[in-house]
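Whatever order the structure lists them in is the order used to number ligands and atoms, beginning at 1. Predicted model only: the values in this text are computed from it and were never measured. One is the number of the first residue; the rest follow in order along the sequence. The basis for the numbers below is simple: all heavy atoms, side chains too, and nothing from hydrogens, waters or symmetry mates.
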Amino acid sequence: RKRVVRVSTGSKQWDAILNGGFQSMSISEVYGEFRCGKTQLCHTMSVIAQLPKDMGGAEGKVAYIDTEGTFRPERIVQIAERFGVDPEQAQENISYARALNSEHQWELLNTLSMSFATNEYRLLIIDSIMACFRVDYCGRGELSERQQKLNQFLSKLNQMAEEFNICVLMTNQVQSDPGASALFAGADGRKPVGGHVLAHASATRILLRKGRGEERVAKIQDSPDCPEREATYIITNGGIND
Ligand code: GTP
Ligand code: MG
């Protein structure tokens with residue numbers, strides 16, 4: 001029988017508010033303004049997921065769908081060095097693909113559902129979930145079609161998370177229109193894009209923001225089993241840390 005596994009963030013404080021890390025068998029979403037560390041979290045967890053369980057890992061391979069072109073292999077090398085693992089091996093265990101548009105993103109997901117059948121994978125990263133959809137369906141009259149396609153993608157994602165015991169971590173952008181966020185805002189005046197379709201699909205939602213100095217703050221907005229708490233973290237050469 002499948003058991004939920006947890007993947008550490010790299011920060012003890014952040015792990016603590018998540019009861020040990022992001023969990024498998026459901027979708028987790030981190031969202032927030034630029035430079036909060038969403039992409040750095042993706043890099044960090046891509047290495048940690050491979051580690052033994054007593055180091056916060058899930059002893060699994062990683063699939064990485066990059067929609068913004070911000071994946072950097074040299075960051076994987078640095079993070080691997082922090083955890084004392086072979087950088088070459090760490091890179092080999094990450095199946096990387098750049099999604100060129102939303103149709104391609106869908107095709108990549110379907111290809112991965114075949115790879116996942118080997119039961120070696122434990123983490124799937126999508127950085128970011130909405131970038132391609134927002135470009136491909138930018139017209140006013142295209143919103144309902146976008147949401148329909150998005151729903152199809154997220155349903156498949158949820159099904160794969162459960163069937164193959166995968167931790168799905170996706171990043172998301174925030175509404176940039178200040179008027180809209182003032183009117184409809186969640187906490188701190190920041191609202192994730194993707195509407196109800198995305199809100200419904202993500203079991204765990206975390207808002208990231210800048211804190212004092214180099215500090216960043218992660219706040220749980222939605223979780224099946226954790227209260228709404230905050231944690232601070234920093235971004236280092238070795239990835240997300242306390
Ligand atoms: P967007 O994708 O633009 O919305 O931002 P993001 O939330 O993905 O931010 P990202 O994860 O790219 O974080 C950028 C921050 O990470 C910047 O403040 C960088 O200074 C920091 N950063 C990136 N690489 C390194 C590194 O190698 N060492 C350290 N110490 N910090 C880094
Ligand atoms: Mg990013």
Side-chain angles (χ1 to χ4, degrees), residues 7-15 18 21-22 27-49 62-85 87 90-91 94 96-100 102 105 108 123-135 168-178 180-181 185-194 198 202 204-221 230-242:
V7 180
S8 164
T9 61
S11 153
K12 290 197 167 66
Q13 285 194 58
W14 192 342
D15 286 351
L18 287 171
F22 286 101
I27 298 177
S28 299
E29 174 190 352
V30 294
Y31 66 98
E33 60 180 289
F34 65 101
R35 297 178 98 213
C36 277
K38 300 182 293 293
T39 299
Q40 293 307 312
L41 177 71
C42 294
H43 283 77
T44 307
M45 287 182 61
S46 293
V47 174
I48 295 178
V62 178
Y64 199 116
I65 297 179
D66 180 7
T67 70
E68 299 182 347
T70 51
F71 180 75
R72 297 287 176 273
E74 49 292 7
R75 295 289 294 123
I76 298 299
V77 171
Q78 289 177 295
I79 296 164
E81 282 164 358
R82 166 183 166 193
F83 291 102
V85 295
Q91 283 179 286
I94 302 170
Y96 170 84
R98 172 77 206 266
L100 302 171
S102 60
Q105 190 173 324
L108 289 172
L123 176 65
L124 167 58
I125 300 279
I126 303 175
D127 184 22
S128 68
I129 182 66
M130 292 303 297
C132 291
F133 285 103
R134 291 181 96 187
V135 171
V168 176
L169 178 73
M170 58 190 195
T171 68
N172 196 10
Q173 305 157 333
V174 285
Q175 215 91 263
S176 53
D177 174 13
S181 50
D188 306 298
R190 298 172 188 85
K191 188 176 183 288
V193 297
L198 200 63
S202 304
T204 303
R205 300 192 105 179
I206 309 254
L207 169 64
L208 307 186
R209 64 177 156 84
K210 289 174 184 125
R212 252 184 286 162
E214 291 302 295
E215 272 183 9
R216 302 279 193 275
V217 182
K219 184 180 184 187
I220 297 179
Q221 299 290 112
E230 281 189 356
T232 58
Y233 63 96
I234 54 167
I235 305 166
T236 71
N237 290 345
I240 300 295
N241 210 328
D242 287 289

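- Both the backbone and the side chain of N237 come within 4.0 Å of ligand 1, counting heavy atoms alone.
- Near T39, meaning under 4.0 Å from one of its heavy atoms, ligand 1 places the atoms 2 (O), 6 (P), 8 (O), 11 (O), 12 (O).
- Between Y96 and Y64, the ring-plane angle classifies as tilted under the 30° and 60° cut-offs.
- Residue contact check for ligand 1: H43 places no non-hydrogen atom closer than 4.0 Å to it.
- Among the atoms of L41, none of the N or O lies under 3.5 angstrom from an N or O of ligand 1.
- Using a 4.0 Å cut-off between heavy atoms, R75 contacts ligand 1 through its side chain alone, with no backbone atom that close.
- Here the protein heavy atom with the shortest distance to atom 11 (O) of ligand 1 is Q40 N, 2.8 Å.
- From the protein, the heavy atom lying nearest to atom 4 (O) of ligand 1 is K38 NZ, 2.7 Å.
- A distance-only check finds no donor-acceptor pair linking the side chain of D66 to the backbone of R98 [under 3.5 Å].
- In this structure, R216 is part of the shell of residues with a heavy atom less than 4.0 angstrom from ligand 1.
- More than 12 heavy atoms of other residues, nucleotides or ligands lie within 6.0 Å of CD in E74, so this atom counts as buried by the packing criterion.
- In this structure, the protein non-hydrogen atom closest to atom 17 (C) of ligand 1 is R35 NE, 4.0 Å.
- S202 contributes no side-chain N or O that, together with a main-chain N or O of E29, makes up a donor-acceptor pair within less than 3.5 Å.
- A salt bridge does not link E215 to K210: none of the charged side-chain nitrogens sits closer than 4.0 Å to a carboxylate oxygen.
- For the pair R209 (side chain) and K219 (backbone), a donor-acceptor distance under 3.5 Å is absent.
- The atoms of ligand 1 that sit less than 4.0 Å from any heavy atom of F34 are 1 (P), 3 (O), 4 (O), 5 (O).
- Within a 4.0 Å radius of atom 19 (C) of ligand 1, the protein has no heavy atom.
- Atoms of ligand 1 found under 4.0 Å from any heavy atom of E68 (numbered from 1 in listed order, with element): 2 (O).
- Around atom 10 (P) of ligand 1, the closest heavy atom drawn from G32, G37, G238 belongs to G37.
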Full working for side chain to side chain donor-acceptor pair (under 3.5 Å) between S11 and N241: CA-CA 4 Å; S11 153; N241 210 328; over 6 Å; no
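- Taking 2.8 Å as the criterion, T39 counts as a coordinating residue of the Mg ion (ligand 2), since one of its N, O or S atoms falls below it.
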Could you go through E68 and S128, starting from their C-alpha distance and side-chain angles, then the distance that decides it, and tell me whether this counts as side chain to side chain donor-acceptor pair (under 3.5 Å)? CA-CA 7 Å; E68 299 182 347; S128 68; 2.9 Å; yes
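- Looking at D242, its side chain does come within 3.5 Å of a backbone N or O of Q13 through a donor-acceptor pair.
- Taking the six-membered ring for Trp and thresholds of 30 and 60 degrees, F22 and W14 have ring planes more than 60 degrees apart, a perpendicular arrangement.
- Heavy atoms from other residues, nucleotides or ligands lying under 6.0 Å from CZ of R35 number 12 at most.
- Looking at ligand 1, you'll find an N or O of C36 within less than 3.5 Å of one of its N or O atoms.
- Those atoms of ligand 1 that come under 4.0 Å of a heavy atom in T236, given as number and element, are 28 (N), 29 (C), 30 (N).
- Comparing I240, D127, I235 against atom 31 (N) of ligand 1, the shortest heavy-atom distance belongs to I235.
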